[in-house]
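Read the structure below first, then the notes.
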Amino acid sequence: HRDLHSFPTRRSSDLDELHNFLSEKSTQFQEGSQGMRKMRVYVVCRRGNDSQRAVNFIREKWPELPVVLKDIKGGLHEWSRVVDNNFPVY
């Protein structure tokens with residue numbers, strides 16, 4: 001499991017801004033890895049439902065994005081219960 005606090009780039013964003021953000025970051029990532037890897041993007045919400053919908057929306061709307069999209073199943077609540085009991089839940 002990854003520590004949520006260690007993600008180098010966290011961003012809370014409207015979906016309207018998301019495409020440009022992901023395109024820019026994935027281009028920078030691919031340049032840094034000489035195109036050998038795709039950037040991984042983890043989407044998280046409080047309980048996991050909205051992040052799952054967001055991942056599906058992004059995949060359908062922008063299938064050309066060179067990123068691997070994942071949502072955190074169960075969201076922050078599940079992460080707190082299963083991975084890190086000290087993780088703050090809101």
Side-chain angles (χ1 to χ4, degrees):
H1 296 285
R2 298 266 329 239
D3 184 346
L4 289 176
H5 297 287
S6 72
F7 289 166
T9 304
R10 292 187 308 266
R11 181 175 171 107
S12 178
S13 176
D14 292 328
L15 290 175
D16 293 339
E17 299 174 15
L18 194 56
H19 184 265
N20 291 338
F21 176 76
L22 290 176
S23 293
E24 177 186 323
K25 292 298 179 185
S26 64
T27 298
Q28 291 171 357
F29 182 84
Q30 286 188 322
E31 288 171 356
S33 68
Q34 289 105 21
M36 301 295 288
R37 300 184 312 162
K38 289 185 178 181
M39 181 176 74
R40 291 182 173 273
V41 175
Y42 293 86
V43 181
V44 65
C45 67
R46 195 165 63 132
R47 298 206 183 259
N49 297 323
D50 290 339
S51 60
Q52 184 178 32
R53 288 186 4 224
V55 165
N56 290 335
F57 173 84
I58 294 165
R59 284 182 181 147
E60 290 173 15
K61 186 161 179 77
W62 305 301
E64 78 286 355
L65 280 175
V67 298
V68 176
L69 291 164
K70 303 276 185 179
D71 72 291
I72 307 297
K73 184 178 179 182
L76 296 175
H77 281 258
E78 188 72 5
W79 184 275
S80 176
R81 190 180 72 76
V82 174
V83 178
D84 181 358
N85 293 339
N86 295 315
F87 190 82
V89 176
Y90 63 96

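In this chain, residues are counted from 1 in sequence order.
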ask   = Are V89 and Y42 connected, step by step, through hydrophobic side chains (Ile, Leu, Val, Met, Phe, Trp, Tyr) whose heavy atoms are closer than 4.5 Å?
value =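 No; Y42 is not reachable from V89 via cluster members.
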
message = Any heavy-atom pair between the side chains of R59 and V55 that's under 4.5 Å?
response =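 SC-SC contact between V55 and R59 confirmed.
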
task = Taking all heavy atoms of S51 and all of G48, pick out the closest pair and write down the distance.
result =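 Nearest pair, atom of S51 first, then G48: OG-O, 3.2 Å.
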
Nearest atoms (heavy-atom pairs only) where S23 meets T27 =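 The pair with the smallest heavy-atom distance is O-OG1, 2.8 Å.
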
task = Could you tell me whether a side-chain N or O of S26 sits under 3.5 Å from a main-chain N or O of M39, the two making a donor and an acceptor?
result =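 No, because the side chain of S26 does not come within donor-acceptor range (under 3.5 Å) of the backbone of M39.
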
query = Would I58 and L22 count as a side-chain contact (heavy atoms from CB on, under 4.5 Å) if you check the C-alpha gap in whole Å, the side-chain angles of each, and the deciding distance to 0.1 Å?
reply = CA-CA 10 Å; I58 294 165; L22 290 176; 4.2 Å; yes

What pairs of donor and acceptor atoms, side-chain ones from residues 64-77 against any protein atom, are under 3.5 angstrom apart with sequence neighbours left out?
| from | atom 1 | to | atom 2 | distance (Å) |
| --- | --- | --- | --- | --- |
| E64 | OE2 | H19 | NE2 | 3.0 |
| H77 | NE2 | Y90 | O | 3.4 |

Nearest-0.5 Å distance, CZ of residue F57 to CG of residue D50 =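 CG of D50 is found 13.0 Å from CZ of F57.
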
